[in-house]
Trainee: 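Below are the structure tokens for one structure; questions will follow.
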Amino acid sequence: MKPYPPEPFRIKMVEPIRLIPPAARKKALEAAGYNLFAVKAEDIFIDLLTDSGTGAMSRDQWAAIQHGDESYAGSPSWFVFLDAVQDLFSFKHVIPTHQGRAAEKILFTAIGGPGKVVPNNTHFDTTRANVEARGATALDILTAEGGQPQLIAPFKGDMDLEALERVLGEYPGRVPLVMLTVTNNSGGGQPVSLANIRAVAEIAHGRGIPVVLDAARFAENAFFIKLREPDYADREPIEIAREMFAAVDGAAMSAKKDGLSNMGGFLALNDDVLAQRCRENLILTEGFPTYGGLAGYDLEALAVGLKEALDPDYLRYRLRSVAYLGEKIAAAGVPIVQPPGGHAIYIDARALLPHIPGEQYPAWALSAVLYLEGGIRSVEIGSVMFGVQPDGSEKPAPLDLVRLAFPRRVYTQSHVDYVAEVILFVNERRARIRGVRIVEAPPVLRHFSAVLEPVAGSLMV
Ligand code: F0G
């Protein structure tokens with residue numbers, strides 16, 4: 001395979017980005033309290049903070065937007081959207097929401113509550129927060145393989161089936177559903193195999209419990225199945241996606257990822273009673289059931305985006321470009337979560353910067369240095385994000401990672417090469433990087449607004 005297949009699209013409209021001078025980056029970082037969430041997007045050169053809502057829409061999506069019909073009820077755009085979703089997601093009920101977490105809130109309001117237990121391979125943070133906000137317990141039961149960053153294995157997003165049996169036996173009548181996150185974002189963007197999806201469904205269905213996919217990156221997961229699971233090499237991604245959904249009972253979707261849209265989400269379910277309860281919640285907080293929290297033109301853009309996300313040429317390029325960056329920096333000794341995920345590369349900052357103690361947040365420091373040296377914005381997934389315990393005490397997160405998440409169809413090969421060069425430059429100077437400390441932070445979700453400072457007066461000595 002070529003190291004990097006050329007982008008299967010060309011550019012029709014350009015958006016300027018600029019690399020502000022080093023002194024201006026230093027000033028911007030200081031003014032932001034060393035917190036990249038507080039840096040103005042205009043002062044970022046390559047923005048890899050997230051792949052959510054940041055993708056580029058296609059010619060056909062912009063054309064579809066012109067068909068958007070803004071009728072409050074029963075808009076033609078709703079039916080276009082419904083057809084597109086049900087073509088892939090073979091569920092009886094589709095409930096549109098403004099984004100993924102709204103679908104999660106509506107679902108867990110309907111079926112969560114004190115005493116309930118929700119198993120998942122790994123809950124994404126908003127999913128966990130929505131389970132816990134209703135008083136239920138969120139359990140992560142990933143396979144042991146999935147928890148080893150350096151290990152190379154094809155499906156490190158798989159759920160631990162023995163643990164699932166154990167949990168279902170331990171909490172009879174208390175598990176309202178089993179969730180599987182495809183791909184497993186919080187576990188390094190690793191895929192889940194069809195064999196595992198089916199096995200999870202068999203175990204759960206044996207006890208009358210439904211399975212719901214957190215489907216934000218379903219298309220990337222489908223392509224990993226094509227590449228890695230026996231018997232699927234000759235199957236189209238769309239057929240694989242249909243098989244993934246046919247095995248389960250519903251999906252919660254953030255369409256800001258593999259919906260290739262800037263906004264949107266939905267819940268898709270087979271259960272009539274549950275769907276009815278969710279629609280009642282929807283009307284309270286999102287909107288009427290034929291638009292949820294979305295404009296008619298969003299529904300149109302999504303209908304096209306869901307199909308485009310399954311184009312094999314696009315998926316081949318997408319997965320390969322992320323893997324290319326991972327391979328290039330790993331070859332120079334930069335430790336990353338292996339193998340590269342579908343949407344992002346995760347640098348293991350604790351392994352890269354062993355001289356920085358955990359209390360000085362090595363991943364946060366590395367993320368800040370990548371901005372300082374190259375104008376790149378990444379995100380810390382480590383002890384600043386996850387270090388605060390429910391009782392307010394502090395405990396190191398299992399890993400200190402820096403996530404570089406790629407917006408879809410936005411950056412070119414030369415941008416990816418630039419990112420690799422910056423990381424390699426920083427890697428050569430890694431012994432000079434120093435840690436950071438928190439100056440002030442709110443008690444919850446502190447990473448969004450915390451103010452930090454370098455322990456040594458500057459990030460590099
Ligand atoms: N599920 C997964 C697996 C996600 O990655 C996200 C969002 C959500 C649910 C929530 O969806 O943002 O539309 O409300 N992930 C983004 C990220 C924010 O950067 O990884 P949302």
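Residues: numbered from 1 along the sequence shown. Counting starts at 1 for both ligands and their atoms, in listed order.
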Trainee: With sequence neighbours excluded, tell me which residues meet salt bridge (Lys or Arg N to Asp or Glu O under 4.0 Å) with Glu220.
Mentor: Arg318, Arg408

Trainee: Sort out the contact shell of ligand 1: every protein residue with a heavy-atom distance below 4.0 Å, listed by chain and number.
Mentor: Thr50, Ser52, Gln99, Gly100, Arg101, Glu104, Phe124, Thr126, Thr181, Asn185, Asp214, Arg217, Ser254, Lys256, Lys257, Arg403

Trainee: Looking at Phe89 versus Phe266, is the centre-to-centre ring distance below 6.0 Å?
Mentor: yes

Trainee: Before we go on, tell me: are the rings of Phe9 and Tyr317 under 6.0 Å apart, centre to centre?
Mentor: yes

Trainee: If you count heavy atoms of other groups shown closer than 6.0 angstrom to CD of Glu15, is the number above 12?
Mentor: no

Trainee: Name the atoms and distances for all side-chain donor-acceptor pairs under 3.5 Å in residues 237-250, with sequence neighbours left out.
Mentor:
{"residue": "Glu239", "atom": "OE1", "partner": "Arg235", "partner atom": "NE", "Å": "3.2"}
{"residue": "Glu239", "atom": "OE1", "partner": "Glu236", "partner atom": "N", "Å": "3.0"}
{"residue": "Arg242", "atom": "NE", "partner": "Asp87", "partner atom": "O", "Å": "2.9"}
{"residue": "Arg242", "atom": "NH2", "partner": "Asp87", "partner atom": "OD1", "Å": "3.1"}
{"residue": "Arg242", "atom": "NH2", "partner": "Asp87", "partner atom": "OD2", "Å": "3.3"}
{"residue": "Glu243", "atom": "OE1", "partner": "Arg198", "partner atom": "NH2", "Å": "2.5"}
{"residue": "Glu243", "atom": "OE1", "partner": "Tyr232", "partner atom": "OH", "Å": "3.2"}
{"residue": "Glu243", "atom": "OE2", "partner": "Arg235", "partner atom": "NH1", "Å": "3.2"}
{"residue": "Glu243", "atom": "OE2", "partner": "Arg235", "partner atom": "NH2", "Å": "2.5"}
{"residue": "Asp249", "atom": "OD1", "partner": "His205", "partner atom": "NE2", "Å": "3.3"}
{"residue": "Asp249", "atom": "OD2", "partner": "His205", "partner atom": "NE2", "Å": "2.6"}
{"residue": "Asp249", "atom": "OD2", "partner": "Val211", "partner atom": "N", "Å": "2.7"}

Trainee: Under the salt bridge (Lys or Arg N to Asp or Glu O under 4.0 Å) definition, can you give me all pairs with a residue in residues 122-145, not counting sequence neighbours?
Mentor: Arg128-Glu132, Arg128-Asp140

